[in-house]
There are 2 protein chains.
Amino acid sequence: MDVTDSSSHSSESGRGRPGARQEYKCPIRDVLDRVGDAWSVLVVSNLAEGPTRFNELKRRVEGISQRMLTVTLRHLERDGLVSRTVLPTTPPQVEYALTELGHSLCGPLDVLSGWATANQPLIRASRERYDGEAGELTGGE
Amino acid sequence: MDVTDSSSHSSESGRGRPGARQEYKCPIRDVLDRVGDAWSVLVVSNLAEGPTRFNELKRRVEGISQRMLTVTLRHLERDGLVSRTVLPTTPPQVEYALTELGHSLCGPLDVLSGWATANQPLIRASRERYDGEAGELTGGE
DNA sequence: TGCTTCCTCGAAAGTGCCTTCTTGCGCCAA
DNA sequence: TTGGCGCAAGAAGGCACTTTCGAGGAAGCA
C-alpha cells in the first residue's frame with residue numbers, strides 16, 4: 001500500500017473536521033473519501049450493470065432519497081466516475097452511466113467486497129467480544 | 001460486487017446521520033465505514049510493516065494526534081484488525097500489531113491503493129473540468 | 001513526596017455528511 | 001390555469017467525526 005499523506009490535515013489551527021484537501025492528498029484516502037460515503041458503492045454497483053435513469057436508479061438503491069441520489073451522482077460525476085446524459089424524451093429524463101474510469105474502479109471494489117463478505121462474521125464476532133470485554137473493564141484483549 | 005443493503009438506513013424518522021447499523025449491514029459498506037475514516041488506512045499501512053509501539057506509531061503517522069491515534073486504534077481493535085499488547089516495560093508501553101485478519105485486509109487495500117494511485121491524475125483532471133463547467137452553468141458534461 | 005514517561009479519555013468546539021421537507025424548472029396535457 | 005412527471009437543489013436539523021485542550025492513571029525513580 002502506497003500511503004504518502006504528508007498533508008492530509010492542514011496546519012490551520014481550530015477544531016472540527018478539516019475540509020477535504022484537494023491537493024497532495026494521499027490517493028487512497030482520496031478514493032475512500034469518494035466511495036466511503038453512505039451511498040456511492042451502492043450507486044456504482046447498480047450502474048455497473050448498465051446505464052440507468054434517475055428514477056430507476058432510485059428504485060433500485062433501496063432507501064435512498066431523491067436528494068441523496070442527486071448529491072451522490074453529482075459527486076461521482078465530478079470525480080469522473082459517472083457520466084450524465086440528458087435524454088430528449090418527454091418528460092426529459094436523465095441517464096447515468098459508469099465511465100471507463102468508473103468501470104475500472106469496479107475491479108478493486110469487487111476485491112474489497114469479496115474480502116468484506118468473507119470476513120464479516122469474524123469482524124462481527126470480534127466486535128461482540130470486544131464489547132463484552134469493554135463491559136467487564138478488562139481494557140483490551 | 002456483492003451489494004445487498006436492505007437496511008443500511010433505519011426507518012426511524014428524523015434528520016441526522018443514521019447510526020452505523022451493526023446488523024444486516026452490507027459487508028463492503030461495513031468495511032468502508034471502518035477504513036474510510038481519516039486515519040485508519042494510514043495506521044494499518046504502518047502496522048503492516050510490523051508491530052509498533054504507540055509513540056512510534058504516532059511519529060510515523062504524520063499529523064495524527066494522540067487522541068485520534070488512540071481512538072483509531074480502538075476502533076481497529078474492536079473490529080479485530082489490530083491487537084494490543086501491554087509490554088512489561090518501565091514505563092509501561094503498549095504495542096499494536098495487525099492481526100491475521102488485519103493482514104488479510106492489506107491485500108484488498110493494496111489493490112484499491114494501486115488503482116487510486118494510477119488514476120489520481122484522471123480524477124483530478126475531471127474535478128477541474130467539472131468545477132470549470134459548473135462555473136459556466138453548463139449543467140453536466 | 002514529587003517528577004517523568006507512556007498512554008488513555010472526557011469535554012468542548014467545529015465541520016461535513018445525512019435526513020426530511022419543500023420549492024422550482026422544463027415539458028406536456030387537460 | 002392547474003396538474004403530473006422527472007429531476008435538481010435550498011434550508012433546517014441532527015449526528016458522528018475530528019480537532020484541541022487538559023486531566024489523570026500506571027509504573028518506576030530520586
Side-chain angles (χ1 to χ4, degrees), chain A residues 8-22 29 32-40 42-43 52-59 61 63-78 84-96 134 137-140, chain B residues 5 8-22 29 32-40 42-43 52-59 61 63-75 77-78 84-96 134 137-140:
Chain A
S8 277
H9 292 73
S10 74
S11 47
E12 306 164 5
S13 62
R15 300 171 181 179
R17 293 164 71 121
R21 311 294 298 183
Q22 305 308 327
R29 284 273 343 83
L32 287 174
D33 279 349
R34 175 76 285 110
V35 303
D37 67 287
W39 301 107
S40 291
L42 302 180
V43 170
T52 318
R53 294 188 305 278
F54 187 91
N55 266 340
E56 180 62 26
L57 203 48
K58 195 177 69 160
R59 277 190 290 272
V61 183
I64 197 170
S65 65
Q66 254 176 235
R67 177 61 174 155
M68 286 319 302
L69 182 53
T70 296
V71 169
T72 301
L73 286 167
R74 285 303 198 193
H75 286 156
L76 291 170
E77 187 190 356
R78 180 167 181 274
R84 175 179 180 278
T85 307
V86 182
L87 304 178
T89 57
T90 301
Q93 302 188 311
V94 185
E95 180 178 85
Y96 292 90
L137 295 176
T138 56
Chain B
D5 196 10
S8 277
H9 293 72
S10 73
S11 48
E12 305 165 3
S13 62
R15 301 173 180 178
R17 296 166 68 120
R21 310 295 297 184
Q22 305 307 327
R29 285 269 349 76
L32 287 174
D33 279 348
R34 173 78 284 110
V35 303
D37 68 287
W39 303 106
S40 291
L42 303 179
V43 171
T52 317
R53 295 188 304 279
F54 187 91
N55 265 339
E56 180 61 25
L57 203 48
K58 195 179 71 161
R59 278 191 288 272
V61 182
I64 197 170
S65 66
Q66 266 178 225
R67 176 62 172 153
M68 286 319 302
L69 182 54
T70 298
V71 169
T72 301
L73 286 168
R74 286 302 198 196
H75 286 157
E77 187 189 357
R78 182 168 180 273
R84 174 180 181 277
T85 309
V86 181
L87 304 180
T89 57
T90 301
Q93 301 186 315
V94 184
E95 181 179 82
Y96 292 89
L137 296 177
T138 56

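Just so it is clear, the values below take in all heavy atoms, side chains as well, and ignore hydrogens, waters and symmetry mates. So that the names make sense, note that chain A is the first sequence line, chain B the second, and so on, each numbered from 1. Computed from a predicted model, the values in this text were never measured in an experiment.
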For this session: Calculate, to the nearest 0.5 Å, the distance between atoms NE2 and CZ belonging to A:His75 and A:Arg34 respectively.
Result: 5.5 Å
For this session: Quickly work out the B:Arg29 CZ to C:dC17 C1' distance and round it to whole Å.
Result: 12 Å
For this session: Report the distance from atom CG of A:Leu57 to atom CG of A:Leu69, rounding to the nearest 0.5 Å.
Result: 5.0 Å
Problem set entry | A:Thr72 OG1 to A:Trp39 CH2 distance, which is reported to the nearest 0.5 Å | 8.0 Å
Exercise. How many Å lie between CZ on A:Arg15 and C1' on D:dT20, as a whole number?
Worked result: 5 Å
Exercise. In whole angstroms, how far is the P atom of D:dT18 from the CG atom of B:Leu69?
Worked result: 13 Å
Problem set entry | side chain to side chain donor-acceptor pair (under 3.5 Å) partners for A:Arg67, two or more places apart | none
Seminar exercise, completed: Hits for side chain to side chain donor-acceptor pair (under 3.5 Å) against B:Ser40, two or more places apart or cross-chain, chain-then-number order -> B:Asp37
Seminar exercise, completed: Closest non-hydrogen atoms of B:Ile64 and B:Lys58, given as atom of the first, atom of the second and distance, are O-CG, 3.9 Å
Seminar exercise, completed: Taken to the nearest whole Å, CG/B:Leu87 to P/D:dG28 is 14 Å
Problem set entry | Quiz item: B:Arg17 side-chain donor-acceptor pair to D:dA16 base, under 3.5 Å | no
Exercise. With sequence neighbours excluded, what pairs up with B:Glu95 under the salt bridge (charged side-chain N to carboxylate O under 4.0 Å, His left out) test?
Worked result: none
Exercise. Which whole-number value in Å describes the distance from B:Asp37 CG to D:dA16 C1'?
Worked result: 12 Å
Problem set entry | Residues which pass salt bridge (charged side-chain N to carboxylate O under 4.0 Å, His left out) with B:Arg59, listed by chain and number, not counting sequence neighbours | B:Glu56
For this session: Kindly determine whether B:Arg84 and B:Leu73 satisfy side chain to side chain contact (heavy atoms under 4.5 Å, CB included), including the steps that lead there.
Result: CA-CA 9 Å; B:Arg84 174 180 181 277; B:Leu73 286 168; over 6 Å; no
For this session: Figure out the CG/P separation between B:Asp33 and D:dC15, and round it to whole Å.
Result: 17 Å
Exercise. Contact class for B:Thr90 (heavy atom, under 4.0 Å): base, sugar-phosphate, or nothing?
Worked result: sugar-phosphate
Seminar exercise, completed: If each end axis of the helix from C:dT1-D:dA30 to C:dA30-D:dT1 is fitted on five C1' pair positions, the angle between them, to 10 degrees, is 30°
Seminar exercise, completed: A correct 5'-to-3' footprint of nucleotides 2-9 of chain D, with B, S and - meaning base, sugar-phosphate only and no protein heavy atom under 4.0 Å, is ---BSBBB
Seminar exercise, completed: Whole-Å distance, A:Met68 CE to C:dG16 P, equals 15 Å
